[in-house]
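Input: a single structure, listed below in structure tokens.
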There are 2 protein chains.
Amino acid sequence: MTKEQDLLLLENQICFPLYAASRMIIQAYREPLEELGITYPQYLVMMILWEKDGLAVNEIGKRLFLDSGTLTPLLKRLESHNLIKRVRSEDDERKVEIQLTFQGKSMKSKAEKIPAKILECLNSWEPETLVNFKSEVNKLVKTLNQP
Amino acid sequence: MTKEQDLLLLENQICFPLYAASRMIIQAYREPLEELGITYPQYLVMMILWEKDGLAVNEIGKRLFLDSGTLTPLLKRLESHNLIKRVRSEDDERKVEIQLTFQGKSMKSKAEKIPAKILECLNSWEPETLVNFKSEVNKLVKTLNQP
DNA sequence: TTAAATTTAATTGTTTACAATTAAAAATGA
DNA sequence: TCATTTTTAATTGTAAACAATTAAATTTAA
């Protein structure tokens with residue numbers, strides 16, 4: 001088998017396990033998030049807003065590497081669940097600011113129990129190994145995010 | 001800030017960078033795959049078939065951790081592009097065997113150039129670091145795949 | 001043997017992703 | 001100033017993902 005052919009085997013791909021791991025970990029979030037009635041991408045948006053309320057769509061997009069094509073309908077769903085409000089900015093009418101509602105803010109305390117639940121799935125890993133791994137994945141994101 | 005609150009910050013998540021990296025790397029495949037006229041999940045299926053032709057839908061699903069809800073329409077698209085045939089098995093009429101067409105087989109030689117192109121995006125990484133990282137991600141997949 | 005359970009693929013419906021385009025607002029520059 | 005460019009969200013269309021259900025074929029166990 002040539003080297004090229006070898007690189008084409010599924011087991012020799014770096015990308016496939018990343019793709020699989022990403023989906024599996026989103027799967028792990030499904031059950032705890034079901035109690036909150038939101039999906040994983042919606043949870044990511046809520047986390048960002050719990051850190052800093054009132055961000056514009058593009059600012060959320062920059063943090064999550066998502067564009068308005070994904071975010072606009074997702075935010076409309078969060079709004080229909082009364083977790084956020086979408087408010088046209090007065091300073092710059094192009095922008096839509098995303099503001100947490102009371103319900104949206106209240107959800108944070110429930111959400112705080114989720115990370116520990118996810119870490120349980122990973123309790124066979126040494127904490128240090130996990131921290132190192134996280135930093136490697138972050139490095140990969142930075143590498144891939146270079147223009 | 002409590003430990004719980006700290007764990008809820010986006011930058012302290014392990015899952016988010018995995019999710020981002022997965023999408024970014026699929027993005028990196030987009031251009032080279034466009035020349036073949038297929039998407040990344042379709043490419044994964046083709047890779048499996050180049051390794052072993054004639055697999056049933058569920059066997060492909062086991063390898064990719066995907067179910068028929070995802071695979072059936074994806075395979076129909078590959079069929080409509082004349083890359084595969086979907087053939088009801090004679091031994092077991094529940095099964096649909098996926099067979100490469102001549103065109104599907106021919107695509108392999110073009111596809112063999114893709115892994116090197118993807119590795120180019122990662123040329124700032126030491127080969128050894130990359131190999132270690134891959135093995136870590138594979139370990140993670142195994143951990144998360146435990147029932 | 002045959003009724004019950006399991007396996008297999010397909011279907012239905014919801015939610016991402018994302019490319020490409022559109023439209024409005026704001027910023028820039030001649 | 002005012003035409004041009006850029007920024008910002010929204011829209012349209014395609015393709016995953018995946019839960020839940022359905023229907024047919026097969027396996028199993030009574």
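Note that the structure is predicted; figures quoted are calculated from it, not measured. The chains referred to below are lettered A, B, ... by the order of the sequence lines, with proteins before strands, and numbering in each begins at 1.
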Compare side-chain N and O positions of Lys76(A) against OP1 and OP2 of dT16(C) and report whether any pair is under 4.0 Å apart. no
In this structure, how many angstroms lie between the C1' atom of dA9(D) and the CG atom of Asp92(A), rounded? 11 Å
What integer distance in Å separates Asp91(A):CG from dA9(D):C1'? 17 Å
Please give me the minimum heavy-atom distance between Asn82(B) and Gln103(B), naming the atom from each residue. O-CB, 3.5 Å
Could you give the CD-to-P distance, from Glu90(B) to dA25(D), as a whole number of Å? 15 Å
Under 4.0 Å between a side-chain N or O of Arg86(B) and OP1 or OP2 of dA10(C)? yes
I'd like to know if the side chain of Asp67(A) reaches the main chain of Thr70(A), judged simply by a donor and an acceptor atom lying under 3.5 Å from each other, with no hydrogens or angles considered. yes
Is the ring pair Trp50(A)/Tyr43(A) parallel, tilted or perpendicular, if the boundaries are 30 and 60 degrees? perpendicular
With a 4.0 Å cut-off on N to O distance, would you call Glu79(A) and Lys76(A) a salt bridge? no
Under 4.0 Å between a Lys/Arg side-chain N and an Asp/Glu carboxylate O for Lys139(B) and Glu136(B)? yes
Check side-chain contact (heavy atoms from CB on, under 4.5 Å) between Leu36(B) and all other residues, then give those that pass, not counting sequence neighbours. Leu33(B), Ile38(B), Met107(B), Lys110(B), Ala111(B), Ile114(B)
Whole-Å distance separating the CG atom of Leu71(A) from the P atom of dT15(C): 16 Å
To the nearest Å, how far apart are Glu79(A) CD and dA9(D) C1'? 14 Å
Just how far, in rounded Å, is P of dA10(D) from CD1 of Ile60(A)? 11 Å
For dA9(C), does either OP1 or OP2 sit under 4.0 Å from a side-chain N or O belonging to Asn58(B)? yes
Over how many whole Å does the gap from Lys95(A) atom NZ to dT8(D) atom P extend? 5 Å
One character per nucleotide, please: for nucleotides 12-21 of chain D, 5' to 3', B when the base has a protein heavy atom closer than 4.0 Å, S when only the sugar-phosphate does, - otherwise. ---SSBBS--
Taking the side chain from Ser68(A) and the backbone from Leu71(A), do they hold a donor-acceptor pair closer than 3.5 Å? no
Between dA25(D) (P) and Glu93(B) (CD): distance, integer Å: 7 Å
